[in-house]
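This report concerns only the one structure given below.
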Amino acid sequence: MSSDTANLTDGFNLVLDALRLNDIETIYGVPGIPITDLGRMAQARGMRVIAFRHEQHAGYAASIAGYLTQKPGVCLTVSAPGFLNGLTALAHATTNCFPMILISGSSEREVVDLQQGDYEEMDQLAVAKTVCKAAYRVLHAQDIGIGVARAIRAAVSGRPGGVYLDLPAKLFGQVMDADAGAKSLVKVVDAAPRHIPAPAAIDRAVELLRNAAKPLIILGKGAAYSQADNDIRAFIEKTGIPFLPMSMAKGLLADTHPLSAGATRSLVLKEADVVMLVGARLNWLLSHGKGKTWGDAGAQKFIHVDIAPTEMDSNVGISAPVVGDIASCMAAMLARVDGDWRQPAAWSGEVRAKADANIARMAPRLQNNNDPMDYHGALGALRTIIRERPDTILVNEGANTLDFTRSIVDIYQPRKRLDVGTWGVMGIGMGYAIAAAIETGKPVLSVVGDSAFGFSGMEIETMCRYGLPICVVVFNNNGIYRGTDVNSGGSDPAWTTFVKNSRYELMAQAFGGVGVCVTSPSELSRVVTEAIASGKPTLVNAIIDEKAGTESGRIGNLNPQSVVGKKS
Ligand SMILES: Cc1ncc(C[n+]2csc(CCOP(=O)(O)OP(=O)(O)O)c2C)c(N)n1
Ligand SMILES: [Mg+2]
C-alpha cells in the first residue's frame with residue numbers, strides 16, 4: 001500500500017471486513033466483473049472462496065451451508081446473468097427456510113435507472129424482491145457494515161430464508177478513512193434471538209398430547225435445523241410417542257429407533273388422533289393435512305410447533321398452536337413431561353408391529369445381486385455402507401432414485417440427509433455435496449438420478465479441483481423415470497430418454513478424479529466403500545435396469561391427464 005493510501009480503506013476491504021467480523025469465512029461463487037478482485041482479496045486474507053462452474057450450484061451450496069451451520073451461506077455472483085443464475089438458489093433457500101445471502105455485483109444505478117444500456121444492465125434489486133425474504137442495496141462505503149449486518153439478521157432471525165444484497169460496481173472502489181471504516185462495521189449481536197413460546201400455548205399442547213390415545217409427532221427439517229437434537233429425542237422417548245420424520249429430518253432419531261413410524265407412514269397418518277408437527281409444514285408433502293391420506297376431517301387434532309405464526313391454520317385448523325423457536329418450544333414441552341406421564345403403549349406397539357412387518361417384507365428385495373441392478377439391490381448395498389459409516393452425509397436427488405433412497409437407506413444422525421426439499425428441485429446434487437464436504441469435513445455420498453446429475457454435472461470439476469471427499473453415484477437408467485420410452489410421432493428420441501449406456505464415469509477421469517462403472521450391487525458396495533475410505537473425489541456410474549422405475553416415482557398422481565388423448 002503506498003503512503004498516500006495508508007490511512008484509507010475501500011469498498012472491497014469493507015465488505016470482507018464486515019463478513020469476517022460476523023464469522024463468515026467461506027464464500028461460494030463464480031468470478032467476473034465487478035467481483036473478481038473481491039474473491040482474490042478474500043483468498044489473500046485466508047478466507048475460503050469456492051469457485052463453481054455455474055452460479056446456481058454455488059447458490060445451492062450456500063443455501064445448504066446455511067442449513068448445516070445456522071449461519072447464512074454466502075453466494076457471490078456477477079451482475080445480470082450471474083445474478084439470475086444465482087436467483088433459483090435464493091428462491092429455493094427462501095422456500096426451504098435456509099439462511100442464505102446472495103451478494104451480486106451490479107451495474108451503475110444512474111445508467112440502469114435511465115435504461116441506457118449499461119454492461120449487464122438489470123434492476124436486480126427489483127427482480128430479487130419477489131423471491132427472497134429481504135433485499136438491500138448499499139450505495140456508500142460507510143453503509144457496507146450496516147448493509148451486511150441487516151442481511152445477516154434478516155437471513156437467520158425468525159423463520160430463516162434467502163436475502164439479496166446488491167453491491168454496485170462503483171461501491172467497491174469507493175475509499176474512506178480507514179478508522180472511520182472500521183468504526184462503521186457492525187457485529188450482529190444475537191442474530192437469531194430466541195422466541196420463547198407462551199406458557200399457555202405449551203399447556204394447551206401438552207394437555208392435548210397427554211389425553212391422546214394415538215398421538216403422533218411429525219418432525220420436519222425445521223426441527224433438524226434447530227439443532228435441538230437432545231431435547232427432541234428426550235421428549236419422544238419420555239412420552240413414548242411414535243414419530244415420523246420428513247425426509248431431511250431423518251436421523252434426528254435413528255430410522256431404526258423403536259418409536260420410528262417411518263416404515264408405516266400411511267397407517268399413522270390415518271389413525272393418529274393428535275398430530276404434533278415440529279418444524280414441518282402442512283404443505284403438499286403432507287397432503288395439506290386433509291383428504292384420503294388422513295383420518296376423518298375434524299376428528300384429528302393438530303398441534304403445530306413453528307416459529308412463524310402465519311404457518312398456523314395454513315391448511316387446516318390448528319387446535320394447539322405453539323409459536324416460538326423450536327429449541328425453546330421443545331425445552332418447555334420437555335419440562336412438562338413428569339413422572340406420571342402415561343406412554344401410549346398399545347398404540348406404539350401397534351405401530352411397531354406394522355412397521356416391522358413392512359420392513360421384513362422389503363428385506364429380501366434389498367439382498368438381490370441382480371445385474372443390471374434394480375433400485376432395491378443397489379440401495380440395499382448403499383444402506384449397509386451408511387449403517388457402517390453413519391457420519392456420512394447422504395445427498396439425494398432424482399425421481400425413483402430419490403423415492404427409493406429415502407425409504408430404503410436408514411439415517412442414524414441428525415442433518416445427515418440432504419435432498420431436493422420443498423420444491424423437489426433437480427440440480428442440488430453437486431452444490432450440496434460440495435458444501436457439505438467443505439462445511440463439515442465429513443465424507444459425502446451423493447446418490448443422484450442420471451437426469452438429476454445432468455443439472456449440475458460440470459461441478460464434478462469443482463469437486464476434483466478442491467480434492468473433496470465426495471462419492472457421487474449416478475443411477476443410470478438411460479433417462480427420466482425409465483429409459484424405455486419411445487417417441488410415437490417421429491424419429492427423434494423420446495424426450496424422457498438419454499444416450500443409452502452413457503459413460504458418466506469418464507467425467508471424473510477427465511478431471512483427475514476416480515471414475516468407475518458398476519453393474520451389480522456387490523461391485524457398487526466395493527467401489528463406494530473404497531471411495532469413502534480413500535476420501536478421493538469419485539464418480540460411480542451405476543447401471544440400473546432401464547425398466548425398473550415408474551413415472552414420476554411416488555408422485556405420479558400429480559401428473560395431469562389428457563381426457564382427449566394423443567392427436568396426430
Ligand atoms: C429444476 C427441475 N426441472 C425439472 C424437474 C422435473 N423432474 C422431476 S424428477 C426429474 C428427473 C428424474 O429422472 P432421474 O433423475 O434420472 O431419476 P430416475 O427416476 O430415473 O431414477 C425431472 C426432470 C424438476 N423436479 N426440477
Ligand atoms: Mg434416470
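In each ligand, atom 1 is the first atom listed, and ligand 1 is the first ligand listed. Just so it is clear, the structure is predicted and the values come from calculations on it, not from any experiment. Hydrogens, waters and symmetry mates play no part in the numbers below; they use all other heavy atoms, side chains included.
- Other residues, nucleotides and ligands contribute over 12 non-hydrogen atoms within 6.0 Å of the CZ atom of R554.
- Looking at R482 next to ligand 1, no N or O pair under 3.5 Å apart turns up.
- For S552, the heavy-atom gap to ligand 1 stays at 4.0 angstrom or more.
- K292 and S287 are not linked by any side-chain donor-acceptor pair at a separation below 3.5 angstrom, with hydrogens and angles left out of the test.
- Given atom 16 (O) of ligand 1, the protein heavy atom at minimum distance is D450 OD1, 2.6 Å.
- Listed by number with element, the atoms of ligand 1 under 4.0 Å from a non-hydrogen atom of T401 are 17 (O), 18 (P), 21 (O).
- Of the protein's non-hydrogen atoms, M426 N, 3.2 Å is the one closest to atom 26 (N) of ligand 1.
- The pair D306-R159 meets the salt-bridge criterion, since a charged nitrogen lies less than 4.0 angstrom from a carboxylate oxygen.
- Nearest protein neighbour of atom 15 (O) of ligand 1, counting heavy atoms only, is A452 N, 3.0 Å.
- When heavy-atom distances to ligand 1 are checked against a 4.0 Å cut-off, F455 comes that close only through its side chain, counted from C-beta outward.
- In this structure, atom 6 (C) of ligand 1 is not in close contact with the protein, since no protein heavy atom lies within 4.0 Å of it.
- In terms of polar-atom proximity, G479 is counted as a contact of ligand 1, with an N or O under 3.5 Å from an N or O of the ligand.
- When the shell of 6.0 Å around NZ of K536 is examined, it contains 12 or fewer heavy atoms from other residues, nucleotides or ligands.
- Between E397 and ligand 1, not a single N/O pair is under 3.5 Å apart.
- Within a 6.0 Å sphere centred on NZ of K442, other residues, nucleotides and ligands contribute 12 heavy atoms or fewer.
- Inspection of the environment of the Mg ion (ligand 2) yields the following protein N, O or S atoms under 2.8 Å: D450 OD1, N477 OD1, G479 O.
- Residue-level proximity to ligand 1 for N477 is carried by the side chain, the only part with a heavy atom below 4.0 angstrom.
- H92 and Y60 have perpendicular rings, their planes meeting at more than 60° on a 0 to 90° scale where under 30° would count as parallel.
- For the 3.5 Å distance criterion, the side chains of S106 and R137 fail to qualify, holding no donor opposite an acceptor.
- Donor-acceptor pairing under 3.5 Å is lacking for the side chains of N487 and D492.
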N396 and R417: CA distance, side-chain angles, deciding distance, side chain to side chain donor-acceptor pair (under 3.5 Å) verdict: CA-CA 8 Å; N396 188 204; R417 183 186 154 85; 3.1 Å; yes
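- Of the protein's non-hydrogen atoms, the one nearest atom 14 (P) of ligand 1 is S451 CB, 3.6 Å.
- For the atom pair NE2 (H304) and CE (M312), the distance works out to 5.0 Å, reported to the nearest 0.5 Å.
- The shortest separation from a heavy atom of F475 to ligand 1 is not under 4.0 Å, leaving the residue out of contact.
- The CD1 atom of I428 sits 6.5 Å away from the OG atom of S446 when rounded to the nearest 0.5 Å.
- Screening residues 463-481 for salt bridge (charged side-chain N to carboxylate O under 4.0 Å, His left out) gives E461-R465 as the qualifying pairs, with residues at least two apart or on separate chains.
- Contact annotation for Y375 and ligand 1: only side-chain heavy atoms (C-beta onward) come within less than 4.0 Å of the ligand.
- The protein non-hydrogen atom at the shortest distance from atom 17 (O) of ligand 1 is A399 N, 3.2 Å.
- Aromatic ring pairs are classed by plane angle as parallel below 30°, tilted from 30° to 60° and perpendicular above 60°; the pair F404 and Y375 is parallel.
- Proximity of G424 to ligand 1 is established by a heavy-atom distance of less than 4.0 Å.
- Not a single donor-acceptor pair under 3.5 Å links the side chain of T462 to the backbone N or O of M458.
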